[in-house]
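Residue numbers start from 1 in every chain, and the chains themselves are labelled A, B, ... in the order their sequence lines are given, proteins ahead of strands.
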Number of protein chains: 2
Amino acid sequence: MNEAVSEPVLDPGVRVGERVYRALRHRIVMGELEPGERLSVPALARALGVSRSPVRDAVLQLVREGLAAETLNRGAIVASISRNDLVSLYEAREALEGMAARLATPNFTHELRRRLLTILTEHDEAVAGGDFDRHIEVDAAFHFQIRAAAGSPVIARMLDEIQGKVMIAMRSTSVSGGMDRAVQDHRRIFEAIAAGDPDASEAAARRHIARLTELLRTDG
Amino acid sequence: MNEAVSEPVLDPGVRVGERVYRALRHRIVMGELEPGERLSVPALARALGVSRSPVRDAVLQLVREGLAAETLNRGAIVASISRNDLVSLYEAREALEGMAARLATPNFTHELRRRLLTILTEHDEAVAGGDFDRHIEVDAAFHFQIRAAAGSPVIARMLDEIQGKVMIAMRSTSVSGGMDRAVQDHRRIFEAIAAGDPDASEAAARRHIARLTELLRTDG
DNA sequence: GTCGCCAACACTGCATGCAATGTTTGTAAG
DNA sequence: CTTACAAACATTGCATGCAGTGTTGGCGAC
(Lines give C-alpha, C1' and ligand atoms only; values in the text may rest on other atoms or scores of the structure.)
Protein backbone atom coordinates (compact mmCIF):
# COMPACT_ATOMS: atom_id res chain seq x y z
CA MET A 1 0.00 0.00 0.00
CA ASN A 2 2.61 2.51 -1.04
CA GLU A 3 3.58 2.62 -4.68
CA ALA A 4 0.02 3.27 -5.82
CA VAL A 5 0.17 6.70 -4.24
CA SER A 6 1.48 8.01 -7.51
CA GLU A 7 -2.11 7.92 -8.74
CA PRO A 8 -4.07 9.20 -5.76
CA VAL A 9 -7.48 8.72 -7.41
CA LEU A 10 -8.44 12.25 -6.42
CA ASP A 11 -10.23 14.49 -8.89
CA PRO A 12 -8.46 17.79 -9.25
CA GLY A 13 -10.68 20.02 -7.11
CA VAL A 14 -10.39 22.53 -4.39
CA ARG A 15 -10.60 21.30 -0.84
CA VAL A 16 -8.75 18.10 -0.12
CA GLY A 17 -11.51 16.88 2.17
CA GLU A 18 -14.07 17.35 -0.57
CA ARG A 19 -11.91 15.52 -3.06
CA VAL A 20 -11.44 12.65 -0.66
CA TYR A 21 -15.18 12.55 -0.08
CA ARG A 22 -15.91 12.39 -3.78
CA ALA A 23 -13.28 9.76 -4.39
CA LEU A 24 -14.54 7.55 -1.58
CA ARG A 25 -18.16 8.03 -2.57
CA HIS A 26 -17.32 7.12 -6.14
CA ARG A 27 -15.48 4.01 -5.06
CA ILE A 28 -18.34 2.97 -2.81
CA VAL A 29 -21.18 3.40 -5.30
CA MET A 30 -19.06 1.81 -8.02
CA GLY A 31 -18.54 -1.23 -5.87
CA GLU A 32 -14.76 -0.91 -5.59
CA LEU A 33 -15.29 -0.72 -1.86
CA GLU A 34 -17.66 -3.46 -0.80
CA PRO A 35 -20.25 -3.27 1.96
CA GLY A 36 -18.70 -4.19 5.28
CA GLU A 37 -15.24 -3.12 4.22
CA ARG A 38 -13.54 -1.00 6.85
CA LEU A 39 -12.89 2.68 6.29
CA SER A 40 -9.86 3.14 8.48
CA VAL A 41 -8.96 6.81 8.59
CA PRO A 42 -5.20 6.30 9.06
CA ALA A 43 -5.05 3.64 6.35
CA LEU A 44 -6.96 5.75 3.84
CA ALA A 45 -4.86 8.79 4.69
CA ARG A 46 -1.70 6.83 4.00
CA ALA A 47 -3.11 5.39 0.78
CA LEU A 48 -4.22 8.79 -0.51
CA GLY A 49 -1.12 10.60 0.64
CA VAL A 50 -2.93 13.14 2.80
CA SER A 51 -3.29 13.64 6.51
CA ARG A 52 -6.05 12.21 8.64
CA SER A 53 -8.07 15.43 8.94
CA PRO A 54 -9.61 15.61 5.47
CA VAL A 55 -10.13 11.84 5.45
CA ARG A 56 -11.94 12.07 8.74
CA ASP A 57 -14.14 14.84 7.34
CA ALA A 58 -14.95 12.73 4.31
CA VAL A 59 -15.83 9.65 6.34
CA LEU A 60 -18.07 11.70 8.61
CA GLN A 61 -19.95 12.99 5.60
CA LEU A 62 -20.33 9.48 4.24
CA VAL A 63 -21.70 8.30 7.56
CA ARG A 64 -24.22 11.11 7.70
CA GLU A 65 -25.22 10.42 4.12
CA GLY A 66 -25.79 6.78 4.98
CA LEU A 67 -23.13 5.38 2.66
CA ALA A 68 -21.00 4.36 5.64
CA ALA A 69 -21.93 3.09 9.07
CA GLU A 70 -20.16 3.53 12.37
CA THR A 71 -19.12 0.41 14.17
CA LEU A 72 -18.49 0.05 17.86
CA ASN A 73 -15.13 1.74 18.31
CA ARG A 74 -13.78 0.14 15.18
CA GLY A 75 -14.29 3.02 12.84
CA ALA A 76 -16.67 3.16 9.94
CA ILE A 77 -17.46 0.52 7.37
CA VAL A 78 -19.10 0.73 3.98
CA ALA A 79 -22.82 0.54 4.58
CA SER A 80 -24.81 -2.55 3.75
CA ILE A 81 -28.19 -1.80 2.22
CA SER A 82 -30.66 -4.44 3.27
CA ARG A 83 -33.69 -5.57 1.36
CA ASN A 84 -35.86 -3.61 3.80
CA ASP A 85 -33.75 -0.50 3.36
CA LEU A 86 -34.17 -0.84 -0.36
CA VAL A 87 -37.94 -1.01 -0.07
CA SER A 88 -37.93 2.12 2.06
CA LEU A 89 -35.65 3.85 -0.41
CA TYR A 90 -37.93 2.93 -3.27
CA GLU A 91 -41.00 4.25 -1.48
CA ALA A 92 -39.31 7.62 -1.24
CA ARG A 93 -38.04 7.30 -4.77
CA GLU A 94 -41.48 6.58 -6.12
CA ALA A 95 -42.82 9.79 -4.61
CA LEU A 96 -39.88 11.90 -5.75
CA GLU A 97 -39.54 10.51 -9.27
CA GLY A 98 -43.25 11.01 -9.72
CA MET A 99 -43.03 14.61 -8.69
CA ALA A 100 -39.93 15.11 -10.83
CA ALA A 101 -41.79 13.82 -13.89
CA ARG A 102 -44.70 16.10 -13.08
CA LEU A 103 -42.47 19.14 -12.75
CA ALA A 104 -40.50 18.25 -15.86
CA THR A 105 -43.62 18.16 -18.02
CA PRO A 106 -44.09 21.92 -18.44
CA ASN A 107 -40.35 22.22 -19.10
CA PHE A 108 -40.36 19.85 -22.04
CA THR A 109 -38.21 21.18 -24.88
CA HIS A 110 -37.05 19.93 -28.23
CA GLU A 111 -33.63 19.46 -26.73
CA LEU A 112 -35.02 17.24 -23.97
CA ARG A 113 -37.07 15.31 -26.52
CA ARG A 114 -33.92 14.67 -28.53
CA ARG A 115 -31.92 13.54 -25.52
CA LEU A 116 -34.62 11.24 -24.20
CA LEU A 117 -35.16 9.65 -27.60
CA THR A 118 -31.45 9.01 -27.92
CA ILE A 119 -31.41 7.40 -24.50
CA LEU A 120 -34.42 5.26 -25.32
CA THR A 121 -32.77 4.03 -28.49
CA GLU A 122 -29.59 3.15 -26.66
CA HIS A 123 -31.66 1.44 -24.02
CA ASP A 124 -33.35 -0.70 -26.65
CA GLU A 125 -29.97 -1.73 -27.98
CA ALA A 126 -28.66 -2.55 -24.53
CA VAL A 127 -31.68 -4.72 -23.78
CA ALA A 128 -31.52 -6.43 -27.17
CA GLY A 129 -27.87 -7.21 -26.54
CA GLY A 130 -28.51 -8.37 -23.00
CA ASP A 131 -26.00 -5.85 -21.72
CA PHE A 132 -26.98 -5.45 -18.07
CA ASP A 133 -24.30 -2.94 -17.12
CA ARG A 134 -25.22 -0.76 -20.07
CA HIS A 135 -28.86 -1.08 -19.05
CA ILE A 136 -28.02 0.24 -15.59
CA GLU A 137 -26.10 3.13 -17.07
CA VAL A 138 -28.72 4.16 -19.61
CA ASP A 139 -31.51 3.71 -17.06
CA ALA A 140 -29.74 6.15 -14.77
CA ALA A 141 -29.22 8.58 -17.63
CA PHE A 142 -32.94 8.61 -18.40
CA HIS A 143 -33.92 9.44 -14.85
CA PHE A 144 -31.15 12.00 -14.66
CA GLN A 145 -32.49 13.91 -17.65
CA ILE A 146 -35.95 14.02 -16.16
CA ARG A 147 -34.91 15.28 -12.79
CA ALA A 148 -32.66 17.84 -14.41
CA ALA A 149 -35.65 19.07 -16.40
CA ALA A 150 -37.73 19.18 -13.22
CA GLY A 151 -35.58 22.07 -12.08
CA SER A 152 -35.91 21.24 -8.40
CA PRO A 153 -32.52 21.17 -6.67
CA VAL A 154 -34.09 19.69 -3.56
CA ILE A 155 -35.62 16.74 -5.36
CA ALA A 156 -32.50 16.26 -7.47
CA ARG A 157 -30.30 16.08 -4.40
CA MET A 158 -32.58 13.63 -2.63
CA LEU A 159 -32.78 11.36 -5.64
CA ASP A 160 -28.99 11.45 -5.92
CA GLU A 161 -28.71 10.33 -2.33
CA ILE A 162 -31.20 7.54 -2.91
CA GLN A 163 -29.43 6.41 -6.05
CA GLY A 164 -26.11 6.09 -4.28
CA LYS A 165 -27.56 3.63 -1.81
CA VAL A 166 -29.54 1.82 -4.46
CA MET A 167 -26.38 1.22 -6.44
CA ILE A 168 -24.76 -0.36 -3.41
CA ALA A 169 -27.71 -2.64 -2.94
CA MET A 170 -27.96 -3.63 -6.59
CA ARG A 171 -24.62 -5.39 -6.43
CA SER A 172 -25.69 -7.68 -3.62
CA THR A 173 -29.31 -8.29 -4.52
CA SER A 174 -29.86 -9.50 -8.02
CA VAL A 175 -32.68 -7.36 -9.30
CA SER A 176 -31.82 -8.50 -12.74
CA GLY A 177 -35.35 -9.02 -13.89
CA GLY A 178 -37.28 -6.53 -15.94
CA MET A 179 -34.77 -4.99 -18.27
CA ASP A 180 -37.25 -4.95 -21.11
CA ARG A 181 -40.01 -3.79 -18.82
CA ALA A 182 -37.94 -0.79 -17.82
CA VAL A 183 -37.68 0.40 -21.41
CA GLN A 184 -41.43 0.10 -21.85
CA ASP A 185 -41.98 2.10 -18.67
CA HIS A 186 -39.53 4.75 -19.76
CA ARG A 187 -41.21 5.10 -23.09
CA ARG A 188 -44.56 5.63 -21.40
CA ILE A 189 -43.06 8.28 -19.16
CA PHE A 190 -41.55 9.98 -22.17
CA GLU A 191 -44.82 9.95 -24.05
CA ALA A 192 -46.74 11.42 -21.13
CA ILE A 193 -44.22 14.22 -20.72
CA ALA A 194 -44.14 14.86 -24.45
CA ALA A 195 -47.93 15.01 -24.44
CA GLY A 196 -47.74 17.69 -21.77
CA ASP A 197 -49.88 15.80 -19.30
CA PRO A 198 -48.44 16.26 -15.79
CA ASP A 199 -50.84 13.83 -14.13
CA ALA A 200 -50.05 11.10 -16.63
CA SER A 201 -46.33 11.81 -16.34
CA GLU A 202 -46.36 11.46 -12.59
CA ALA A 203 -48.52 8.37 -12.73
CA ALA A 204 -46.26 6.72 -15.29
CA ALA A 205 -43.11 7.50 -13.32
CA ARG A 206 -44.66 6.19 -10.14
CA ARG A 207 -45.86 3.00 -11.75
CA HIS A 208 -42.37 2.46 -13.06
CA ILE A 209 -40.80 2.70 -9.62
CA ALA A 210 -43.66 0.87 -7.96
CA ARG A 211 -43.09 -2.03 -10.31
CA LEU A 212 -39.46 -2.20 -9.25
CA THR A 213 -40.53 -2.05 -5.61
CA GLU A 214 -42.87 -4.95 -6.16
CA LEU A 215 -40.04 -6.89 -7.76
CA LEU A 216 -38.06 -6.31 -4.60
CA ARG A 217 -40.82 -7.39 -2.27
CA THR A 218 -41.59 -10.64 -4.06
CA ASP A 219 -38.53 -11.71 -6.00
CA GLY A 220 -35.82 -12.98 -3.69
CA MET B 1 -13.97 31.18 27.21
CA ASN B 2 -15.16 32.79 30.38
CA GLU B 3 -18.34 32.84 32.43
CA ALA B 4 -20.90 31.59 29.92
CA VAL B 5 -19.16 28.24 29.75
CA SER B 6 -21.03 27.15 32.85
CA GLU B 7 -24.06 26.43 30.65
CA PRO B 8 -22.55 25.15 27.43
CA VAL B 9 -25.94 24.59 25.76
CA LEU B 10 -24.81 21.11 24.82
CA ASP B 11 -27.09 18.14 25.34
CA PRO B 12 -25.39 15.43 27.33
CA GLY B 13 -24.49 13.07 24.56
CA VAL B 14 -21.59 11.10 23.35
CA ARG B 15 -19.33 12.67 20.79
CA VAL B 16 -18.55 16.32 21.32
CA GLY B 17 -18.79 17.04 17.62
CA GLU B 18 -22.27 15.52 17.49
CA ARG B 19 -23.38 17.54 20.50
CA VAL B 20 -22.08 20.73 18.93
CA TYR B 21 -23.89 19.85 15.72
CA ARG B 22 -27.17 19.29 17.53
CA ALA B 23 -26.80 22.46 19.56
CA LEU B 24 -26.05 24.58 16.52
CA ARG B 25 -28.80 22.99 14.48
CA HIS B 26 -31.26 23.63 17.28
CA ARG B 27 -30.22 27.23 17.59
CA ILE B 28 -30.51 27.74 13.84
CA VAL B 29 -33.95 26.22 13.36
CA MET B 30 -35.18 27.95 16.50
CA GLY B 31 -34.10 31.28 15.13
CA GLU B 32 -31.56 32.05 17.83
CA LEU B 33 -29.00 32.22 15.07
CA GLU B 34 -30.35 34.33 12.24
CA PRO B 35 -29.74 33.81 8.53
CA GLY B 36 -26.56 35.52 7.45
CA GLU B 37 -25.02 35.33 10.89
CA ARG B 38 -21.44 34.14 10.75
CA LEU B 39 -20.49 30.73 12.08
CA SER B 40 -16.91 31.39 13.03
CA VAL B 41 -15.26 28.18 14.10
CA PRO B 42 -12.82 29.76 16.56
CA ALA B 43 -15.51 31.96 18.09
CA LEU B 44 -17.95 29.08 18.52
CA ALA B 45 -15.21 26.91 19.95
CA ARG B 46 -14.39 29.57 22.53
CA ALA B 47 -18.05 30.11 23.34
CA LEU B 48 -18.74 26.39 23.77
CA GLY B 49 -15.52 25.66 25.61
CA VAL B 50 -14.27 23.03 23.19
CA SER B 51 -11.54 22.94 20.59
CA ARG B 52 -11.99 23.83 16.97
CA SER B 53 -12.06 20.26 15.67
CA PRO B 54 -15.54 19.21 16.76
CA VAL B 55 -16.91 22.63 15.89
CA ARG B 56 -15.45 22.35 12.43
CA ASP B 57 -17.05 18.91 12.04
CA ALA B 58 -20.40 20.32 13.10
CA VAL B 59 -20.25 23.27 10.74
CA LEU B 60 -19.30 20.99 7.84
CA GLN B 61 -22.35 18.85 8.53
CA LEU B 62 -24.56 21.92 8.65
CA VAL B 63 -23.19 23.12 5.33
CA ARG B 64 -23.80 19.76 3.71
CA GLU B 65 -27.29 19.68 5.15
CA GLY B 66 -27.97 23.11 3.69
CA LEU B 67 -28.54 24.86 7.00
CA ALA B 68 -25.31 26.82 6.59
CA ALA B 69 -23.62 28.21 3.53
CA GLU B 70 -19.95 28.71 2.81
CA THR B 71 -18.84 32.21 2.05
CA LEU B 72 -15.78 33.21 0.11
CA ASN B 73 -12.98 32.55 2.58
CA ARG B 74 -14.94 34.08 5.43
CA GLY B 75 -16.25 30.89 6.91
CA ALA B 76 -19.81 29.70 6.96
CA ILE B 77 -22.96 31.66 7.67
CA VAL B 78 -26.43 30.56 8.63
CA ALA B 79 -28.26 29.80 5.39
CA SER B 80 -30.89 32.09 4.03
CA ILE B 81 -33.83 30.26 2.52
CA SER B 82 -35.23 32.23 -0.37
CA ARG B 83 -38.77 32.23 -1.60
CA ASN B 84 -37.67 30.11 -4.55
CA ASP B 85 -35.89 27.66 -2.27
CA LEU B 86 -39.04 27.37 -0.25
CA VAL B 87 -41.10 26.53 -3.31
CA SER B 88 -38.63 23.83 -4.26
CA LEU B 89 -38.67 22.48 -0.72
CA TYR B 90 -42.44 22.37 -0.74
CA GLU B 91 -42.55 20.52 -4.04
CA ALA B 92 -40.46 17.77 -2.48
CA ARG B 93 -42.44 17.99 0.70
CA GLU B 94 -45.72 17.55 -1.14
CA ALA B 95 -44.50 14.31 -2.70
CA LEU B 96 -43.06 12.97 0.53
CA GLU B 97 -45.89 13.94 2.88
CA GLY B 98 -48.29 12.39 0.43
CA MET B 99 -46.40 9.14 0.39
CA ALA B 100 -46.05 9.24 4.17
CA ALA B 101 -49.81 9.58 4.57
CA ARG B 102 -50.32 6.70 2.13
CA LEU B 103 -47.92 4.47 4.00
CA ALA B 104 -49.34 5.46 7.38
CA THR B 105 -52.83 4.42 6.40
CA PRO B 106 -52.44 0.64 6.82
CA ASN B 107 -50.62 1.30 10.10
CA PHE B 108 -53.49 3.19 11.68
CA THR B 109 -54.00 2.15 15.30
CA HIS B 110 -56.19 3.23 18.18
CA GLU B 111 -53.13 4.81 19.72
CA LEU B 112 -52.48 6.88 16.61
CA ARG B 113 -56.15 7.84 16.46
CA ARG B 114 -55.95 9.06 20.04
CA ARG B 115 -52.80 11.07 19.45
CA LEU B 116 -54.01 12.70 16.27
CA LEU B 117 -57.34 13.64 17.84
CA THR B 118 -55.53 15.21 20.77
CA ILE B 119 -53.36 17.21 18.41
CA LEU B 120 -56.36 18.32 16.36
CA THR B 121 -58.10 19.54 19.49
CA GLU B 122 -55.06 21.46 20.59
CA HIS B 123 -54.75 22.89 17.11
CA ASP B 124 -58.33 24.13 17.27
CA GLU B 125 -57.58 25.84 20.53
CA ALA B 126 -54.42 27.44 19.19
CA VAL B 127 -56.23 28.78 16.14
CA ALA B 128 -59.15 30.01 18.21
CA GLY B 129 -56.71 31.82 20.47
CA GLY B 130 -54.74 33.21 17.56
CA ASP B 131 -51.58 31.65 18.96
CA PHE B 132 -49.32 31.47 15.93
CA ASP B 133 -46.31 29.92 17.66
CA ARG B 134 -48.49 27.21 19.13
CA HIS B 135 -49.99 26.65 15.69
CA ILE B 136 -46.51 26.07 14.27
CA GLU B 137 -45.71 23.65 17.05
CA VAL B 138 -48.93 21.64 16.83
CA ASP B 139 -48.80 21.61 13.05
CA ALA B 140 -45.34 20.07 13.21
CA ALA B 141 -46.57 17.53 15.78
CA PHE B 142 -49.36 16.38 13.46
CA HIS B 143 -47.04 15.78 10.56
CA PHE B 144 -44.53 14.12 12.84
CA GLN B 145 -47.07 11.55 14.00
CA ILE B 146 -47.98 10.69 10.45
CA ARG B 147 -44.49 10.21 9.23
CA ALA B 148 -43.68 8.17 12.31
CA ALA B 149 -46.63 5.93 11.48
CA ALA B 150 -45.43 5.64 7.90
CA GLY B 151 -42.51 3.63 9.16
CA SER B 152 -40.15 4.80 6.46
CA PRO B 153 -36.86 6.00 7.90
CA VAL B 154 -35.83 7.39 4.53
CA ILE B 155 -38.90 9.56 4.13
CA ALA B 156 -38.77 10.61 7.78
CA ARG B 157 -35.20 11.77 7.45
CA MET B 158 -35.86 13.71 4.29
CA LEU B 159 -38.87 15.43 5.76
CA ASP B 160 -36.81 16.34 8.82
CA GLU B 161 -34.24 17.96 6.61
CA ILE B 162 -36.91 19.86 4.73
CA GLN B 163 -38.55 20.98 7.93
CA GLY B 164 -35.33 22.45 9.27
CA LYS B 165 -35.01 24.73 6.28
CA VAL B 166 -38.69 25.55 6.24
CA MET B 167 -38.48 26.72 9.83
CA ILE B 168 -35.66 29.08 8.94
CA ALA B 169 -37.68 30.51 6.09
CA MET B 170 -40.87 30.89 8.11
CA ARG B 171 -39.27 33.51 10.33
CA SER B 172 -38.35 35.76 7.43
CA THR B 173 -41.32 35.24 5.15
CA SER B 174 -44.65 35.83 6.77
CA VAL B 175 -46.64 32.81 5.78
CA SER B 176 -49.07 33.70 8.49
CA GLY B 177 -52.16 33.08 6.43
CA GLY B 178 -54.16 29.92 6.62
CA MET B 179 -53.99 28.84 10.24
CA ASP B 180 -57.62 27.81 10.20
CA ARG B 181 -57.24 26.25 6.78
CA ALA B 182 -54.43 24.06 8.10
CA VAL B 183 -56.66 22.57 10.75
CA GLN B 184 -59.32 21.76 8.17
CA ASP B 185 -56.71 20.12 5.96
CA HIS B 186 -55.34 18.11 8.85
CA ARG B 187 -58.77 16.90 9.77
CA ARG B 188 -59.36 15.69 6.24
CA ILE B 189 -56.06 13.85 6.26
CA PHE B 190 -56.96 12.26 9.56
CA GLU B 191 -60.34 11.16 8.29
CA ALA B 192 -58.90 9.59 5.17
CA ILE B 193 -56.31 7.68 7.16
CA ALA B 194 -58.92 6.62 9.71
CA ALA B 195 -61.12 5.43 6.87
CA GLY B 196 -58.29 3.26 5.64
CA ASP B 197 -58.20 4.81 2.19
CA PRO B 198 -54.57 5.21 1.08
CA ASP B 199 -55.40 7.09 -2.12
CA ALA B 200 -57.55 9.58 -0.26
CA SER B 201 -54.92 9.95 2.45
CA GLU B 202 -52.21 10.75 -0.03
CA ALA B 203 -54.44 13.10 -1.97
CA ALA B 204 -55.47 14.96 1.18
CA ALA B 205 -51.91 15.32 2.38
CA ARG B 206 -50.77 16.55 -1.01
CA ARG B 207 -53.57 19.05 -1.31
CA HIS B 208 -52.62 20.36 2.11
CA ILE B 209 -49.02 21.01 1.11
CA ALA B 210 -49.95 22.17 -2.37
CA ARG B 211 -52.18 24.79 -0.80
CA LEU B 212 -49.27 26.07 1.24
CA THR B 213 -47.10 26.10 -1.88
CA GLU B 214 -49.70 28.15 -3.68
CA LEU B 215 -49.77 30.57 -0.78
CA LEU B 216 -46.03 30.96 -1.22
CA ARG B 217 -46.21 31.52 -4.94
CA THR B 218 -48.93 34.17 -4.79
CA ASP B 219 -48.82 35.80 -1.39
CA GLY B 220 -45.81 38.04 -1.07
C1' DG C 1 -4.60 -29.51 23.05
C1' DT C 2 -7.58 -25.94 24.87
C1' DC C 3 -8.55 -21.98 27.56
C1' DG C 4 -7.57 -17.68 29.64
C1' DC C 5 -4.77 -13.79 30.48
C1' DC C 6 -1.62 -10.04 29.18
C1' DA C 7 0.91 -7.06 26.46
C1' DA C 8 1.58 -4.77 22.20
C1' DC C 9 -0.93 -2.66 18.67
C1' DA C 10 -4.23 0.20 16.09
C1' DC C 11 -7.68 3.31 15.87
C1' DT C 12 -10.85 6.98 17.30
C1' DG C 13 -11.80 11.60 18.61
C1' DC C 14 -10.30 16.03 20.61
C1' DA C 15 -6.67 19.50 20.88
C1' DT C 16 -3.36 22.33 18.82
C1' DG C 17 0.25 23.98 15.49
C1' DC C 18 0.98 26.29 11.19
C1' DA C 19 1.10 28.24 6.50
C1' DA C 20 -1.79 30.56 3.22
C1' DT C 21 -5.17 33.91 2.44
C1' DG C 22 -8.50 37.54 2.87
C1' DT C 23 -10.12 41.41 5.60
C1' DT C 24 -9.83 45.55 8.12
C1' DT C 25 -7.78 49.40 10.20
C1' DG C 26 -4.64 53.05 10.37
C1' DT C 27 -1.79 56.25 7.99
C1' DA C 28 -0.06 59.14 4.64
C1' DA C 29 -0.31 61.27 0.16
C1' DG C 30 -3.00 63.98 -2.97
C1' DC D 1 -11.72 65.14 2.88
C1' DT D 2 -10.93 61.34 -0.08
C1' DT D 3 -8.11 57.67 -1.72
C1' DA D 4 -4.44 54.41 -1.92
C1' DC D 5 -1.49 51.49 0.42
C1' DA D 6 0.40 48.67 4.03
C1' DA D 7 0.62 46.20 8.10
C1' DA D 8 -1.63 43.76 11.72
C1' DC D 9 -5.25 40.60 12.55
C1' DA D 10 -8.52 36.85 12.08
C1' DT D 11 -9.88 32.70 9.92
C1' DT D 12 -9.66 28.63 7.09
C1' DG D 13 -8.03 24.08 6.03
C1' DC D 14 -4.47 20.58 6.56
C1' DA D 15 -1.10 18.31 9.57
C1' DT D 16 0.08 16.28 13.77
C1' DG D 17 0.18 15.21 18.87
C1' DC D 18 -1.94 12.60 22.43
C1' DA D 19 -4.90 10.15 25.78
C1' DG D 20 -8.42 6.71 26.09
C1' DT D 21 -10.11 2.37 24.49
C1' DG D 22 -11.00 -1.85 22.17
C1' DT D 23 -8.83 -5.56 19.54
C1' DT D 24 -5.54 -9.13 18.55
C1' DG D 25 -1.95 -12.33 18.91
C1' DG D 26 1.08 -14.91 21.74
C1' DC D 27 2.29 -17.31 25.82
C1' DG D 28 1.59 -19.89 29.85
C1' DA D 29 -1.50 -22.73 32.90
C1' DC D 30 -4.34 -26.60 33.20
Side-chain angles (χ1 to χ4, degrees), chain A residues 1-2 5 8-25 28 33-79, chain B residues 1-2 4-6 8-25 28 33-79:
Chain A
M1 188 187 307
N2 31 34
V5 177
V9 204
L10 295 179
D11 312 316
V14 266
R15 211 158 37 200
V16 176
E18 182 68 19
R19 279 184 285 170
V20 173
Y21 164 76
R22 289 184 201 165
L24 290 179
R25 188 185 197 283
I28 290 175
L33 292 171
E34 293 180 10
E37 198 162 337
R38 293 185 57 181
L39 294 173
S40 161
V41 171
L44 289 172
R46 285 190 295 271
L48 296 172
V50 298
S51 80
R52 306 192 316 263
S53 298
V55 176
R56 179 179 158 73
D57 288 349
V59 172
L60 275 180
Q61 303 284 10
L62 290 169
V63 167
R64 184 157 288 273
E65 189 176 343
L67 262 50
E70 290 176 320
T71 64
L72 188 58
N73 291 317
R74 284 192 45 124
I77 59 175
V78 178
Chain B
M1 186 191 309
N2 33 35
V5 179
S6 52
V9 204
L10 296 177
D11 312 318
V14 267
R15 210 161 33 198
V16 176
E18 182 67 19
R19 280 184 283 170
V20 172
Y21 164 76
R22 289 184 201 166
L24 289 180
R25 189 186 198 282
I28 290 174
L33 292 171
E34 294 179 9
E37 198 161 339
R38 292 186 55 182
L39 293 174
S40 160
V41 170
L44 289 171
R46 284 191 295 271
L48 296 171
V50 299
S51 80
R52 306 191 318 258
S53 298
V55 176
R56 178 178 158 74
D57 288 348
V59 172
L60 275 180
Q61 304 284 9
L62 290 170
V63 167
R64 187 156 284 274
E65 190 176 344
L67 264 49
E70 289 176 321
T71 64
L72 189 58
N73 291 316
R74 285 192 43 126
I77 59 175
V78 177

Original post:
Contacts to DNA chain C from residues 51-64 of chain B, heavy-atom cutoff under 4.0 Å, which residues?
Top reply: B:Ser51, B:Arg52, B:Ser53, B:Pro54
Subject >> Euclidean distance, atom CG of residue A:Leu44 to atom P of D:dA15 [Å, nearest integer] >> reply: 14 Å
**OP:** Could you say whether A:Glu18 or B:Ser40 is positioned toward the 5' end of DNA chain D, judged by the nucleotide with the nearest heavy atom to each?
**Re:** B:Ser40
Original post:
Any side-chain heavy-atom pair from B:Asp57 and B:Tyr21 closer than 4.5 angstrom?
Top reply: no
**OP:** Could you tell me whether the side chain of B:Gln61 and the main chain of B:Ala58 form a donor-acceptor pair under 3.5 Å?
**Re:** no
**OP:** Find the distance A:Glu70:CD to C:dG13:C1' and express it as a whole number of Å.
**Re:** 11 Å
Original post:
When rounded to the nearest 0.5 angstrom, what is the spacing between OG in B:Ser51 and CZ in B:Arg56?
Top reply: 12.0 Å
Subject >> Rounded distance in Å - CG (B:Leu48) to P (C:dA15) >> reply: 11 Å
Original post:
Among D:dT12, C:dA15, D:dT11, which is the nearest nucleotide to the side chain of B:Val50?
Top reply: C:dA15
Subject >> Short N-O contact, A:Glu18 and A:Arg25, less than 4.0 angstrom >> reply: no
Original post:
Are there more than 12 heavy atoms of other residues, nucleotides or ligands under 6.0 Å from atom CD of A:Glu34?
Top reply: no
Original post:
Which whole-number value in Å describes the distance from A:Ile77 CD1 to C:dC11 P?
Top reply: 16 Å
Original post:
In whole Å, what is the span from the CZ atom of A:Arg38 to the C1' atom of C:dC11?
Top reply: 7 Å
**OP:** Return the value, rounded to whole Å, for the distance between atom CZ of B:Arg15 and atom P of D:dT21.
**Re:** 16 Å
Subject >> Lys/Arg-Asp/Glu bridge criterion (N-O < 4.0 Å) met for A:Glu70, B:Arg15 >> reply: yes
